[in-house]
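These notes are about the structure you will find just below.
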Amino acid sequence: MFKNLTILLLICIVLPYIIRSFKMNNQTYSSYSNFISDIKNNKIKTVMLKRDYINAIKQNNNKYKMMYIPGKNSYLLKLLTQKKVKIIHSHPKQRGAITAFILSWYPALIKAFLIWFFFLRKIKIKKGENPLFFGQSTAKIFSKNQIKITFKNIAGCNEAKEEIKEIVDFLKNPVKFQKLGGRLPKGILMIGPPGTGKTLLAKAIAGEAKVSFFAISGSDFVEMFVGVGASRVRNMFKMAKKKSPSIIFIDEIDAVGRKRSLNVGGGHDEREQTLNQMLVEMDGFHKNQEIIVIAATNRPDVLDPALLRPGRFDKKIIIDLPNMKERQDIIKIHTQNMPLKKNVNISILAQGTPGFSGADLANLVNETALLTARKNLKKISMQEFEESKDKIILGSQKKSLIMNKTEKEITAYHECGHVIVGLFLPEQDPIYKVTIIPRGKSLGVTYFLPQQDFIYINKKKIEGKICTLYGGRIAEEIIYGTENISIGATHDIKTATSIAKKMVTQWGLSHKIGPIFYKNKNNLFLPKKDKYFSEYTAKIIDKEIKKIIIRNYKRAKNILLCNLDILYHMKKKLIKYETLNKQQIQDIIKKKNKRLL
């Protein structure tokens with residue numbers, strides 16, 4: 001309201017001045033000789049005599065203004081009297097001290113208003129973003145009644161919630177713990193992949209405990225001016241003390257909490273000053289009672305050791321990707337207010353989304369709702385969920401990309417090669433879908449879907465993955481010969497080679513190399529790579545990688561050569577229908593579906 005009243009007041013002051021300027025500009029000016037001539041010719045009806053100019057009105061009511069009157073000019077008065085021209089004398093009004101002061105500063109006020117309107121308004125006048133408030137914290141402050149999120153609104157990460165509940169209990173009833181000599185943890189570090197609900201958990205703590213909540217990102221501390229970050233840290237903790245008990249949540253703390261003096265050739269002094277101030281505030285001479293600092297990161301390996309010691313971040317909570325049961329609970333929360341058809345099976349959706357985070361599942365539900373709205377449907381069915389899932393996993397369909405007959409046939413053989421090799425390997429995941437509709441960067445996609453979440457993966461399963469990856473290239477080689485193999489298997493070869501390399505150098509799955517970890521250390525400032533092993537060992541590693549690739553390549557080729565009839569049949573049906581699901585593929589393999597065969 002104050003801002004709007006100020007703008008209105010300035011407009012009321014400026015507008016009369018602008019109108020007055022237009023009125024003055026609308027008057028025409030005349031020379032003294034023309035003025036005298038008009039009087040003699042009886043063309044002037046009225047004149048207004050002022051100190052240094054005359055306003056004249058002609059008989060035709062036209063106005064003009066003469067700016068200069070020579071001398072006292074008794075002749076002019078005599079002439080006006082003789083011609084019976086109406087004479088009006090204008091006496092200047094006496095201005096008060098306030099009016100004179102305002103008029104003297106009038107141009108400066110107008111300039112100040114224009115500067116504010118066109119320049120300063122472009123800079124956000126919000127606290128913490130204006131140049132006058134650089135040193136103040138930019139944290140968003142939520143009162144204890146503003147946050148409505150509780151643990152009931154969060155599905156998954158059950159172990160993390162159990163650990164966090166004792167923090168909430170401490171904030172609600174600190175005397176219970178203090179009687180036994182316990183103290184409030186200084187900090188909680190949440191570690192986990194992006195989208196697993198770290199920020200949501202921090203809000204739930206504040207919502208459950210009914211305390212003030214300060215939310216800020218690690219990058220908000222660091223500015224181009226030295227000392228700003230440290231000042232903002234001090235200001236934030238000062239505000240948190242006034243509203244204690246309170247929670248400070250720092251998202252992506254690795255932006256400001258990286259290891260000090262890590263960079264060769266100089267560090268970031270401003271970032272290090274900010275980190276030092278944070279270390280002091282969390283556990284220094286100034287004790288921050290009833291203030292908990294919660295930080296979130298997906299890069300704990302780059303954090304400074306001083307941040308991770310007890311007394312600063314006392315608790316480290318790992319938040320992993322949700323398992324199948326947790327994914328099912330997350331989907332239920334996101335779909336509880338959505339109109340679903342009876343054929344929607346949430347457990348199948350949870351099974352078909354391994355590796356999805358909570359944010360990914362929320363995106364899946366949202367994409368499904370948008371797709372249903374585009375189809376002008378009133379309820380969401382399982383088909384819309386499947387289409388949205390395919391779009392997220394496999395990529396969007398490229399309807400504008402049209403393949404000719406030869407390209408479509410090559411793609412069909414390639415994808416069928418993946419399918420057949422995968423189906424005849426008992427350790428490989430079950431087939432979910434194969435398509436030759438271009439999606440993302442691929443002309444075709446074969447997707448295998450695990451039936452359950454795996455914690456451990458054995459050597460057989462890994463080598464089965466390599467076999468399946470080479471199935472497409474081998475199918476092309478069998479049908480078209482080695483001279484006509486396409487480059488469509490580039491990504492498959494790259495992935496298979498990377499897996500084989502890890503088997504030898506990291507996972508200890510090579511009998512000749514043994515359970516030894518080998519990895520190159522890249523130096524950012526040197527063109528060459530520093531190796532932890534000799535050239536002789538490098539040759540052995542190369543031989544072992546090649547040995548794994550050739551063994552599984554031959555294995556995949558034998559599977560395809562023994563099932564050429566299935567390859568031909570599946571290729572025909574894939575070209576015809578463009579997409580084959582699990583049931584259609586099984587019908588082709590078992591030769592039960594006569595309509596397809």
Side-chain angles (χ1 to χ4, degrees), residues 137-151 154 157 159-192 197-218 220-221 232-254 256-257 274-275 277-297 300 303-304 306-319:
S137 173
T138 59
K140 294 180 181 178
I141 306 173
F142 301 90
S143 65
K144 59 184 180 181
N145 296 321
Q146 279 183 292
I147 298 178
K148 306 297 182 182
I149 298 173
T150 62
F151 289 140
I154 302 175
C157 51
E159 293 81 6
K161 283 193 290 186
E162 288 298 325
E163 288 192 57
I164 288 171
K165 280 181 181 177
E166 67 180 52
I167 306 297
V168 176
D169 194 15
F170 199 114
L171 288 170
K172 286 182 177 179
N173 187 15
V175 179
K176 171 184 173 182
F177 296 88
Q178 289 170 355
K179 284 182 179 179
L180 298 174
R183 62 173 179 82
L184 185 69
K186 295 290 183 66
I188 301 172
L189 182 64
M190 295 183 180
I191 303 168
K198 299 185 289 294
T199 306
L200 201 62
L201 270 175
K203 286 184 179 180
I205 295 173
E208 288 280 349
K210 298 295 181 184
V211 296
S212 300
F213 187 76
F214 294 76
I216 193 169
S217 173
D220 289 339
F221 289 109
R232 286 182 178 177
V233 172
R234 287 192 295 270
N235 184 259
M236 182 178 63
F237 275 88
K238 184 178 179 181
M239 290 191 298
K241 285 178 186 177
K242 291 180 181 179
K243 294 181 178 290
S244 63
S246 58
I247 292 173
I248 297 174
F249 177 66
I250 305 173
D251 198 10
E252 306 296 343
I253 194 174
D254 49 275
V256 70
T274 306
L275 175 58
Q277 186 63 43
M278 190 178 295
L279 295 174
V280 171
E281 292 290 344
M282 288 187 70
D283 189 24
F285 286 102
H286 305 285
K287 299 297 180 183
N288 296 311
Q289 297 295 331
E290 296 185 327
I291 297 175
I292 296 179
V293 181
I294 302 176
T297 181
L303 294 180
D304 194 277
L307 267 178
L308 304 178
R309 74 161 175 82
R312 292 203 172 101
F313 284 108
D314 302 277
K315 282 185 174 291
K316 298 173 185 63
I317 299 176
I318 308 298
I319 304 175

Which distance, rounded to the nearest 0.5 Å, do you find between the CG of L308 and the CG of D314? 11.5 Å
Any side-chain heavy-atom pair of I294 and L201 under 4.5 Å: no
Shortest non-hydrogen pair, E208 vs F151, comes out as OE2-N, 3.0 Å
Could you report the tightest heavy-atom contact between S246 and A240, atom names first, then the distance? OG-O, 3.0 Å
Verdict with reasoning, I253 to M278, per side chain to side chain contact (heavy atoms under 4.5 Å, CB included): CA-CA 11 Å; I253 194 174; M278 190 178 295; 4.3 Å; yes
Looking at K198 and M190, what are the two nearest heavy atoms and their distance? O-SD, 3.4 Å
Any chance you could measure I191, atom CD1, to F313, atom CZ, to the nearest 0.5 Å? 10.0 Å
Which heavy-atom pair separates R312 from M282 by the least distance, and what is that distance? O-CE, 3.3 Å
Could you state the interatomic distance from CE (M236) to CE (M239), rounded to the nearest 0.5 Å? 8.0 Å
Closest non-hydrogen atom pair between L303 and D254, with its separation: CD2-CA, 3.7 Å
Output the distance between atom CD1 (I291) and atom CD1 (I247), rounded to the nearest 0.5 Å. 11.0 Å
In this structure, are over 12 heavy atoms from other groups packed under 6.0 Å from K161 atom NZ? yes
Please report the closest heavy-atom contact between A160 and I319, naming both atoms and the distance. CB-CG1, 4.1 Å
Got more than 12 heavy atoms from elsewhere within 6.0 Å of NZ, K316? yes
Is K315 reaching over with its side chain to a backbone N or O of I164, donor-acceptor style, under 3.5 angstrom? no
Atom CG of L189 and atom OG1 of T297: how far apart are they, to the nearest 0.5 Å? 7.0 Å
